Number of protein chains: 2
Amino acid sequence: MLLANADIDNGEGLTERQQAVLDAALRLLVEEGDNLTMTAVARRASCSKETLYKWFGDRDGLLTATVQWQASKVRVASVDGKGLDLASLTASLERFASDWLSVISSDTSIALNRVAVGHAGSGKDDLGAVVLENGRFALAKRLKPVLEAGRQAGLLEFADAEMAFRTFFGLVGRDVQIRLLLGDRLELTEAAIGGDAIRATQQFLALFGAKTGPQGL
Amino acid sequence: MLLANADIDNGEGLTERQQAVLDAALRLLVEEGDNLTMTAVARRASCSKETLYKWFGDRDGLLTATVQWQASKVRVASVDGKGLDLASLTASLERFASDWLSVISSDTSIALNRVAVGHAGSGKDDLGAVVLENGRFALAKRLKPVLEAGRQAGLLEFADAEMAFRTFFGLVGRDVQIRLLLGDRLELTEAAIGGDAIRATQQFLALFGAKTGPQGL
DNA sequence: GCCGAACCGTAACGTACGGTACGGCCCGCG
DNA sequence: CGCGGGCCGTACCGTACGTTACGGTTCGGC
């Protein structure tokens, strides 16, 4: 912290050492799942359990701090809605889809979602809410302006932006996330992700793209 | 039920008493999540722990037995592909969508998926595989013949049935399952499910319905 | 009526792990 | 140089829970 780079920005007041500890916890979470022990984290991070408890108070505290810390790293570049032609809109949608698929198929995301889902049952902490907020809702918050801009430009047609977003979400994700969470081997190569992004975008445009002529439905 | 119906059919060799025990375990799973204790199950089922271990061997054994038994109950009525007109195809798709949404939004399904996802991380058992097999893959197996029949009848157009199914899956489920698993309050009324089923079906038909005239894309 | 098997209730054991306490080390500061 | 705070390593405690063991009870078969 004495080397005062802008830790306030991403890590919201975390010492570099603390971030290193959280990184270790995250790596351990990916490997071990929810059954990681405080001792294991301490050993991996080369710190004492006393420090762990002093800094994060609790096992749940450590977990939520880890999840939030990882969430703060996932900020993907947002797209401004200035590109008003169909090509740039398509590119933006494809980029979103591709980024999203990359995220949800990453090891860390899978591990984090797993532990969050597991904890959502017995509501001791709000890991589920945190993941939801930084995952699905953050995505919506960044994508909706693009959709609105597309509608303003006459490229898209929809009544409810939320509904349009959810459709896009479904077209992109399909069964991928639940299959990965349930342990299905489903390796998404770079190429497959790109192809899926293009397909989902085309399907979305087919459903919500503005028809030049009169349209039914 | 007491009149010795074919238990061999659904319960694959489980005595009624054992099924009752599994029912208790299931109810407890819904209430407590994965942190249910053997003692709690024994108390709820009014049986001894010794019996539990004798019958299911292990805690994981009990869990898998519970999941499999619940899975054996979810068999929804399959639809034969004899109705070749658009109306019956639409009705079938809507029925599937509605059934599926009802299932994944039910308390038991959420609880089961939660524990399966949690266990998928550290692969001690194959709960994830079981759930996947009886959930998403069973759905595909039942729906694909309908899609194929629709294609045979000239009502649908697609190259890969798997791909078409996954699109339908995405259009129906969208973000519902992950949100529910992560603990988002999202109450799906009967009416909302029906509406979603109709919407998803319409969107699917818009994407994969056979155009009478020449089509682009 | 008697025997053995299955099962219930409960007590007991072992262990793993969350949480805490304590001694030693480093390091900045007076 | 001495002091004190922060941290490491580790040993320790309490407890919850999986698993096992055992005495008592019901019940079908002879």
Side-chain angles (χ1 to χ4, degrees), chain A residues 1-4 7 11 13-29 31-67 111 114-115 118-119 121-125 127, chain B residues 2 4 7 11 13-29 31-67 111 114-115 118-119 121-125 127:
Chain A
M1 183 66 92
L2 52 144
L3 300 178
D7 282 338
L14 289 174
T15 290
E16 292 196 15
R17 180 84 181 98
Q18 289 171 326
Q19 294 184 11
V21 170
L22 291 184
D23 256 331
L26 189 61
R27 249 174 306 133
L28 217 44
L29 208 61
E31 299 173 16
E32 307 266 345
D34 196 5
N35 46 3
L36 86 174
T37 74
M38 299 296 274
T39 6
V41 174
R43 192 165 40 224
R44 178 69 68 98
S46 295
C47 74
S48 79
K49 290 211 288 180
E50 186 184 18
T51 307
L52 249 46
Y53 282 101
K54 171 175 289 186
W55 283 349
F56 307 105
D58 208 349
R59 184 176 187 272
D60 287 339
L62 174 67
L63 252 45
T64 53
T66 305
V67 172
R114 284 215 181 113
V115 53
H119 280 227
S122 56
K124 316 196 303 180
D125 43 24
L127 286 187
Chain B
L2 52 141
D7 282 337
L14 289 173
T15 188
E16 292 196 13
R17 182 83 182 98
Q18 289 170 326
Q19 294 184 10
V21 170
L22 292 185
D23 251 332
L26 189 61
R27 251 175 304 135
L28 218 43
L29 209 61
E31 298 172 16
E32 306 267 344
D34 197 7
N35 45 4
L36 85 174
T37 73
M38 299 296 275
T39 8
V41 173
R43 191 164 44 224
R44 177 69 67 96
S46 296
C47 75
S48 80
K49 292 211 277 181
E50 186 185 18
T51 307
L52 249 46
Y53 283 99
K54 170 175 292 187
W55 283 349
F56 308 106
D58 208 350
R59 184 175 187 271
D60 288 337
L62 175 67
L63 250 46
T64 53
T66 306
V67 171
R114 284 213 180 114
V115 55
H119 280 229
S122 56
K124 314 196 301 179
D125 43 23
L127 287 186

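Quick note on labels: first sequence line is chain A, next is B, and so on, each numbered from 1. Predicted, not measured: the structure shown is a model, and the values here were computed from it. Because only heavy atoms are used, hydrogens play no part in the values below, and waters and symmetry mates are left out as well, while side chains stay in.
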**Item:** Separation between NZ of Lys54(B) and SG of Cys47(B), rounded to the nearest 0.5 Å
**Value:** 12.0 Å
**Prompt:** When the distance from CE of Met38(B) to C1' of dT10(C) is rounded to whole Å, what number comes out?
**Reply:** 16 Å
**Prompt:** What distance do Glu32(A) atom CD and Arg44(A) atom CZ have between them, rounded to the nearest 0.5 Å?
**Reply:** 7.5 Å
**Item:** Closest-nucleotide ordering on DNA chain D, the 5'-leading residue of Trp55(A) and Thr39(A)
**Value:** Trp55(A)
**Request:** Calculate the interatomic distance between Lys54(A) atom NZ and dC7(D) atom P; express it in whole Å.
**Result:** 6 Å
**Item:** Separation of atom CG in Asn35(A) from atom C1' in dG18(D), rounded to whole Å
**Value:** 15 Å
**Nearest-Å distance for atom pair CG/C1', residues Asp58(A) and dC17(C)** = 13 Å
**Fill in**
Numerically ordered, the residues 41-53 of chain B set in heavy-atom contact under 4.0 Å with DNA chain D is Lys49(B), Glu50(B), Tyr53(B)
**Fill in**
Rounded to whole Å, the CZ-P distance (Arg59(B) to dA16(D)) equals 16 Å
**Complete:** Between the CZ atom in Arg59(A) and the OG1 atom in Thr64(A), the distance rounded to the nearest 0.5 Å is 11.5 Å
**Prompt:** Does Arg17(A) have a side-chain nitrogen or oxygen under 4.0 Å from the phosphate oxygens OP1 or OP2 of dC8(D)?
**Reply:** yes
**Fill in**
Correct closest heavy-atom pair for Gly121(A) and Arg114(B) would be CA-NH1, 3.6 Å
**Request:** Verify, without hydrogens or angle tests, whether Thr37(A) (side chain) and Ala40(A) (backbone) share a donor-acceptor contact under 3.5 angstrom.
**Result:** yes
**Atom pair CG/CG of Asp34(A) and Leu127(A) - distance to nearest 0.5 Å** = 8.5 Å
**Request:** For Leu36(A), answer base if it contacts any base atom (sugar-phosphate contacts may also be present), sugar-phosphate if it contacts only those atoms, and nothing otherwise; contact means non-hydrogen atoms under 4.0 Å.
**Result:** sugar-phosphate
